[in-house]
4 protein chains.
Amino acid sequence: MKEPRDAQVTRDNLIRAGLALIASQGYHATKVSEIVRRCGVTQAAFYWHFPSKLELVLELMASGRATLLDTLRRGYRDRIESVDDMVENSCRWFTDLLRYCHDNREYMAILLARGYGADPQIDRAIADTRTAMYEVLRGNIARAVDLGRLQPQATDLRAAFVHRLLEGSIEWWLFGHDYDLQHQPTVSTEVLARQLAEFEFYGLNGSGNAG
Amino acid sequence: MKEPRDAQVTRDNLIRAGLALIASQGYHATKVSEIVRRCGVTQAAFYWHFPSKLELVLELMASGRATLLDTLRRGYRDRIESVDDMVENSCRWFTDLLRYCHDNREYMAILLARGYGADPQIDRAIADTRTAMYEVLRGNIARAVDLGRLQPQATDLRAAFVHRLLEGSIEWWLFGHDYDLQHQPTVSTEVLARQLAEFEFYGLNGSGNAG
Amino acid sequence: MKEPRDAQVTRDNLIRAGLALIASQGYHATKVSEIVRRCGVTQAAFYWHFPSKLELVLELMASGRATLLDTLRRGYRDRIESVDDMVENSCRWFTDLLRYCHDNREYMAILLARGYGADPQIDRAIADTRTAMYEVLRGNIARAVDLGRLQPQATDLRAAFVHRLLEGSIEWWLFGHDYDLQHQPTVSTEVLARQLAEFEFYGLNGSGNAG
Amino acid sequence: MKEPRDAQVTRDNLIRAGLALIASQGYHATKVSEIVRRCGVTQAAFYWHFPSKLELVLELMASGRATLLDTLRRGYRDRIESVDDMVENSCRWFTDLLRYCHDNREYMAILLARGYGADPQIDRAIADTRTAMYEVLRGNIARAVDLGRLQPQATDLRAAFVHRLLEGSIEWWLFGHDYDLQHQPTVSTEVLARQLAEFEFYGLNGSGNAG
DNA sequence: GATGAATGAGGTTTCATTCAT
DNA sequence: TATGAATGAAACCTCATTCAT
């Protein structure tokens with residue numbers, strides 16, 4: 001259990017600082033000079049750890065993607081005999097996801113709003129991750145259709161609805177209406193997850209058995 | 001025999017070129033030199049028409065905002081005796097909105113994904129417009145609650161859901177999963193509007209009387 | 001006859017300063033910052049006139065090459081009935097060439113010694129020009145062989161000898177033994193040309209009719 | 001079971017790698033990082049062996065100079081009763097020299113073309129060695145003049161001719177017209193030496209008794 | 001209304017060199 | 001003897017912006 005090597009600390013600091021700055025200002029507005037100033041090292045040190053500013057971001061995105069997809073795929077146990085079972089499943093799954101997002105708000109900021117348009121490679125990294133999220137949701141809906149729990153109608157389209165509902169709501173939850181990085185959620189994880197699940201299956205009209 | 005291309009024409013060209021470039025590359029990646037190159041004028045000409053690159057964008061956003069809000073507020077005739085009436089209303093309103101978005105895809109690209117993180121003033125312009133859209137939706141839901149057509153429950157939250165569902169779905173519709181500016185919609189305006197309205201009120205479970 | 005435009009003056013200054021610096025320090029040691037300092041303009045001005053430092057040099061080399069080849073090809077009137085006629089022809093031709101070299105010593109410095117190893121494109125530019133010079137000399141020898149004035153023996157090899165004798169002697173003449181850019185020729189153009197021509201045809205042993 | 005590669009081995013490797021790189025790319029384009037990468041050691045190791053990159057090169061040049069001068073001075077046995085004796089002597093001497101150059105082509109690359117303009121100290125090292133070579137040649141000619149074998153005319157100038165003819169021809173022989181480090185000689189050592197010696201004393205016109 | 005030419009500030013990246021271990 | 005990690009100085013180049021004409 002040897003103590004963490006200095007280099008690793010510096011490297012982690014650089015990643016953290018880069019993440020924070022890019023989340024709040026975007027890629028182009030974030031200068032290497034500012035990243036290193038926050039870490040108390042020189043710019044040359046940055047380039048010892050990373051081949052370029054772009055590579056730092058791509059590494060950032062890749063590691064965020066890995067942990068996010070991990071979370072996404074863990075969920076959805078399959079006992080679904082009724083629509084209400086599906087609501088329950090969705091609710092649990094959303095809860096896990098929201099916790100992840102809450103704990104990784106800076107990564108989510110880049111993924112959901114501050115990333116596009118920075119650089120083609122970053123665009124791709126974001127699009128890939130978002131598409132992966134869509135695929136998971138689409139898979140779940142398709143399975144429910146196969147089991148006869150949902151009507152076999154416009155699966156892709158409705159998966160896109162759920163996907164965008166979910167992403168957009170997370171963005172709103174974490175950053176508010178004006179995309180403020182300092183915004184604090186006004187709703188608890190549990191309430192949001194439940195309301196989202198209700199809305200997902202019953203829309204504004206509700207289930208009929210709501211309180 | 002130069003045709004009399006007056007100042008207004010140049011100005012409009014600059015705005016159009018700026019809009020196209022920013023929509024596809026983002027604010028920082030869009031250079032004044034590129035904008036003017038597309039218009040066949042010099043950079044100094046740009047600065048005769050606009051005080052700065054930022055001002056061009058802000059003007060862009062303001063004019064987009066005006067026409068968008070115009071469209072948004074035109075809708076929603078008030079005869080709502082049943083939920084199905086509301087679905088019909090939503091459907092008509094969505095249709096108008098989608099038409100606008102389709103006709104202004106570059107502005108929507110900036111508004112929905114390529115704008116944040118460019119500059120605090122741009123961020124504000126975007127946030128304001130998006131919030132205005134949310135307010136319209138929230139107002140409609142609140143009215144339905146007042147009229148006893150919807151349950152008086154979590155109005156803000158559910159307005160946020162609808163708002164993000166709508167925005168996100170438009171983004172997907174216009175630009176696909178990987179935010180490709182060249183993407184072509186795979187669903188017609190009418191079908192998307194109807195499906196959105198159905199989903200808005202009944203969720204994945206559907207209305208029961210769907211085809 | 002309008003007075004020379006400012007821009008052209010600046011551009012010429014930059015070229016001249018670049019030529020002088022590269023001739024004396026080599027390509028890599030010559031900094032854009034130094035070039036512009038000598039011209040009293042900013043670095044951005046440099047990049048308004050030239051796309052890059054490399055392009056400045058390539059332009060330099062290209063224009064030097066053009067005038068040099070022009071000089072090279074002007075020479076060699078064809079009356080050669082005896083070896084002594086050839087010596088006379090060579091002498092005149094060398095005189096022209098030496099005058100050019102004397103008037104363009106900075107370009108010659110780059111071409112003959114300070115250029116190689118700077119950049120692949122520069123290497124090519126130099127090699128091309130030197131090869132062109134060799135070809136002219138080889139052509140002359142080949143013609144003399146065809147006319148029966150020289151023995152048909154190892155033409156390529158002996159052309160290479162003459163070429164390198166000439167280049168090397170020019171280098172020595174202009175820059176001395178230690179390649180000093182400030183060196184002043186110790187021999188007049190005419191004497192050098194005559195001695196070179198004698199050596200070219202008779203070697204150290206001489207013509208027998210020398211003084 | 002690491003083989004005992006002691007300090008001297010590492011040092012020699014560094015020198016060899018440096019020599020190869022500088023010969024092919026020039027001084028400035030050769031990075032310490034690249035030298036050490038080829039040797040499998042770190043940059044800090046480099047600086048344990050050498051005080052600076054410049055010192056490595058100077059050492060390189062000094063050792064090349066020592067062996068070259070050794071070769072140069074070994075030659076020229078003094079029996080010269082006729083010009084043909086001198087041709088024979090030159091031929092033998094050139095043969096030795098060409099062998100050396102062939103075996104040390106990387107050093108010759110730096111000495112003859114890739115060195116100038118790198119750094120004042122390197123320039124000096126090169127100039128000194130080349131001047132030493134000139135002195136040897138001049139001494140031989142002077143002796144021949146003293147012995148009455150050559151005419152007492154323009155000794156310095158003609159020594160310079162011979163010197164530059166020799167150097168330039170070696171450069172051409174080793175690296176071709178476009179200074180390609182990979183070039184293979186197209187003429188054997190013996191043929192080149194003989195032709196050079198013939199040319200040295202008789203020029204293009206030849207000896208009259210040539211084959 | 002527009003141009004040609006220039007500025008100034010700052011960006012990313014490079015590279016020889018050093019120092020604690 | 002050597003390494004891993006860092007420094008400092010400076011290089012090339014970019015780009016929004018300006019100004020005289």
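Computation of the quantities below employed the complete heavy-atom set of this structure, encompassing side-chain atoms and omitting hydrogens, waters and symmetry-equivalent molecules. Note on naming: letters A, B, ... go to the chains in the order of the sequence lines (proteins, then strands), and numbering restarts at 1 for each one.
Counting heavy atoms from C-beta outward, D:F50 and D:V32 have side chains that stay 4.5 Å or more apart. Side-chain contact between A:I110 and A:E106 is absent, with no heavy atoms from C-beta onward closer than 4.5 Å. The shortest distance between side-chain heavy atoms of D:I122 and D:Y27 falls below 4.5 Å. Considering only heavy atoms from C-beta on, D:L111 stays 4.5 Å or farther from D:Y116 through its side chain.
The listed nucleotides are E:dT13, E:dT3, E:dA5; the one nearest the side chain of A:Y47 is E:dT13. Considering only side-chain atoms of C:T10, the nucleotide from E:dA6, F:dG8, F:dC19 that sits closest is E:dA6. Side-chain proximity of A:A7 to the nucleotides F:dA6, F:dA11, E:dG4 is greatest for F:dA6. The side chain of B:A44 sits closest to F:dC19 out of E:dA16, F:dC19, F:dT7. Taking every side-chain heavy atom of B:A45 into account, E:dT3 is the closest of E:dT13, E:dT3, E:dT7. In the set F:dA6, F:dA16, E:dT7, the nucleotide with an atom closest to the side chain of C:T42 is E:dT7. Distance from the side chain of C:K53 is smallest to F:dC12 among E:dA5, F:dC12, F:dA6. Listed candidates were F:dT18, E:dG1, F:dC12. Nearest to the side chain of C:K31 is F:dC12.
An OP1 or OP2 oxygen of F:dA2 is reached within less than 4.0 angstrom by a side-chain nitrogen or oxygen of D:H49. C:S52 has no side-chain polar atom (N or O) that falls below the 4.0 Å cut-off from OP1 or OP2 of F:dC12.
Going from atom CZ of D:F50 over to atom P of F:dA2 covers 12 Å, rounded to whole Å. As rounded to whole Å, 8 Å separates atom P of F:dG4 from atom CH2 of A:W48. Rounded to whole Å, atom P of E:dA6 lies 12 Å from atom CZ of C:R11. Atom CG of C:L56 is separated from atom C1' of F:dC12 by 14 Å (rounded to the nearest Å). The interatomic distance linking D:Q8 (CD) with F:dA2 (P) rounds to 11 Å, in whole Å. For C:R37 and F:dA11, the CZ to P distance is 11 Å, given to the nearest whole Å. Following rounding to the nearest Å, D:D119 (CG) and E:dA16 (P) show an atom-to-atom distance of 13 Å. Between the P atom of E:dC15 and the CG atom of D:L21 lies a distance of 13 Å, rounded to the nearest Å.
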* To do: Dot-bracket for DNA chain F, please, read 5' to 3', with Watson-Crick or G-U wobble pairs under 3.5 Å on both distances, ( ) within the strand, [ ] crossing, | other strand, . unpaired.
  => .||||||||||||||||||||
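Taking the six-membered ring for Trp and thresholds of 30 and 60 degrees, C:F175 and C:Y179 have nearly parallel ring planes, at less than 30 degrees apart.
The base of E:dT17 lies close enough to the side chain of D:Q43 for a donor and an acceptor atom to sit less than 3.5 Å apart.
Sequence order on DNA chain F of the closest nucleotides to A:G40 and B:Y27 puts A:G40 first from the 5' end. Looking at which nucleotide of DNA chain E each of D:T30 and C:V41 is closest to, the 5′-most match is held by C:V41.
A cation-pi arrangement is absent between D:K53 and D:F46, since the terminal nitrogen or guanidinium carbon is not both under 6.0 Å from the aromatic centre and inside a 45° cone about the axis.
Rounding to the nearest 0.5 Å places CG of A:L54 at 4.5 Å from CG of A:D119.
Salt-bridge check for C:E34 with C:K31: failed, with every basic side-chain N at 4.0 Å or more from each acidic carboxylate O.
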